[in-house]
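These numbers come from the heavy atoms of this one structure, side chains and all, not from hydrogens, waters or symmetry mates. Remember, it's a predicted structure, so these values are computed and weren't measured experimentally.
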Amino acid sequence: MRRALIIILARGGSKGVPGKNTAIVGGRPCIAWTIDAALASGSAALVAVSSDDRAARAIAEQSGCAVIHRPEHLASDAATIDDAARHAVLELEDRGMAPQPQSPDAAIIILYANVPVRPAGLIDAATALLSGSGCDSVQSYQPVGKNHPWWTARLDEGGVVRPWEGDVLNHGVFRRQDLPPAYIPDGAVIAVTRRALFREVPGVKSGPHAFFGADRRGIVNPHGSVVDIDAPIDLIVADAILSGSISIPGAPPPEITPTPKPRAPIA
């Protein structure tokens, strides 16, 4: 059932990689890969691109997406993704274009234009988990690998190494395979209900992550199957993958993580 509203966020400014959303990656503008993934999704009722960048909006229009001119105050370094997403939803509802206008359970998928590499089927898997579980949000994760929190340390001004937490360095673990599973958001997909995005879920404390609601679920992507362009090296990696120079994991479908009862939201 094609009922999800997919919003691609493409802010023009970036200090780490200027112009990254329209940079050429794998022979095409970076944003084009995310647009393709959105349009190929079996869940998509409408794909919209919100951007303050004229070039990104032109690419979106040529691809057949709905285009939203993102206001300057929602495109600064201090602007939040949920503010930009709410603006896009309200504008589409005002235009009469939203698939389920003002429905609290409407599925809203947020994609970043600077993620040109993500597993096939991920958007549909996140949408299915959102609607099938009745949760407030779904976010994609990857295993942290060797950058595990247990192996995080503090260094004082004299270079003395101390545990980040507790009294035992590295929690006493020195083999990666002995570390407990840990995951980090990879930026490939966020799926939320309209109720959660507009902070209408009862009992959720205010804070930068309040728009995820109370019941938050996760999907685990294979390590290395997502490229989120935040640094120049990421452009090189994405270009190599998309041009076929190197292969990546990701053939298996995304794994849905078992989730306990809803936790208290992060303040």
Side-chain angles (χ1 to χ4, degrees), residues 3-11 13 34 38 41 43-52 66 68-115 122-123 125-141 183-219 228 256-257 259-267:
R3 64 180 192 85
L5 168 58
I6 299 182
I7 298 173
I8 300 172
L9 300 178
R11 188 170 72 90
T34 292
S41 167
S43 308
L46 178 68
V47 178
V49 172
S50 171
S51 181
D52 61 316
I68 298 162
H69 192 157
R70 187 167 168 178
E72 184 177 345
H73 72 280
L74 294 178
S76 67
D77 290 341
T80 65
I81 63 165
D82 53 312
D83 278 340
R86 282 189 289 270
H87 170 267
V89 171
L90 291 174
E91 179 155 331
L92 291 169
E93 288 178 346
D94 287 345
R95 295 184 196 175
M97 298 177 66
Q100 298 181 68
Q102 299 182 342
S103 168
D105 297 319
I108 298 168
I109 313 302
I110 300 172
L111 303 178
Y112 300 140
N114 62 304
V115 181
L122 175 63
I123 298 171
T127 306
L129 178 56
L130 183 75
S131 59
S133 67
C135 66
D136 297 317
S137 64
V138 176
Q139 189 173 20
S140 61
Y141 291 80
Y183 307 93
I184 189 168
D186 60 15
V189 68
I190 296 172
V192 294
T193 63
R194 189 187 189 281
R195 179 190 291 111
L197 179 61
F198 282 81
R199 303 187 179 192
E200 297 170 352
V201 177
V204 177
K205 295 180 180 178
S206 61
H209 299 97
F211 75 98
F212 283 103
D215 185 351
R216 308 172 184 192
R217 307 293 174 105
I219 288 183
D228 179 356
I256 298 176
T257 58
T259 306
K261 292 181 180 180
R263 300 181 286 108
I266 301 173

Counting C-beta onward and ignoring hydrogens, is there a side-chain heavy-atom pair between [X] and [Y] closer than 4.5 Å?
X	Y	result
Ser41	Ile6	yes
Asp228	Asn114	yes
Cys135	Leu130	yes
Tyr112	Ile190	yes

[X]: what forms a side-chain hydrogen bond (donor to acceptor under 3.5 Å, both in side chains) with it, not counting sequence neighbours?
X	result
Arg194	Glu93
Asp94	none
Ser140	Asp186
Asp83	Thr80, Arg86

Tell me the closest heavy-atom pair linking [X] and [Y], and the distance in Å.
X	Y	result
Val204	Gly213	CG2-C, 3.7 Å
Val201	Ala196	CG2-CA, 3.7 Å
Ala107	Thr127	CB-CG2, 4.4 Å
His73	Ala79	O-CB, 3.9 Å
Ala188	Leu111	O-CD2, 3.5 Å
Ala113	Thr34	O-OG1, 3.9 Å

Using atom types as modelled, flag every donor-acceptor pair under 3.5 Å from a side chain in residues 95-104 to any protein atom, sequence neighbours excluded.
residue	atom	partner	partner atom	Å
Arg95	NH1	Val67	O	3.2
Arg95	NH2	Val67	O	2.9
Arg95	NH2	Glu91	OE2	2.5

Query raised in the report: Heavy-atom count around Glu200 CD within 6.0 Å, excluding the residue itself: above 12?
Result: yes
Would you compute the distance between atom [atom1] of [X] and atom [atom2] of [Y] and round it to the nearest 0.5 angstrom?
X	Y	atom1	atom2	result
Ser50	His69	OG	NE2	9.0 Å
Thr193	Ile108	OG1	CD1	7.5 Å
Asp52	Leu9	CG	CG	11.0 Å
Leu92	His87	CG	NE2	9.5 Å

Query - Pairing residues for Arg11 by the salt bridge (charged side-chain N to carboxylate O under 4.0 Å, His left out) criterion, not counting sequence neighbours - result: Asp77
Query raised in the report: Is the backbone N or O of Arg216 less than 3.5 Å from a side-chain atom of Ser137, with the two atoms forming a donor-acceptor pair by type?
Result: no
Query raised in the report: With no hydrogens and no angle check, is any side-chain donor or acceptor of Asp136 less than 3.5 Å from a backbone partner on Asp215?
Result: yes
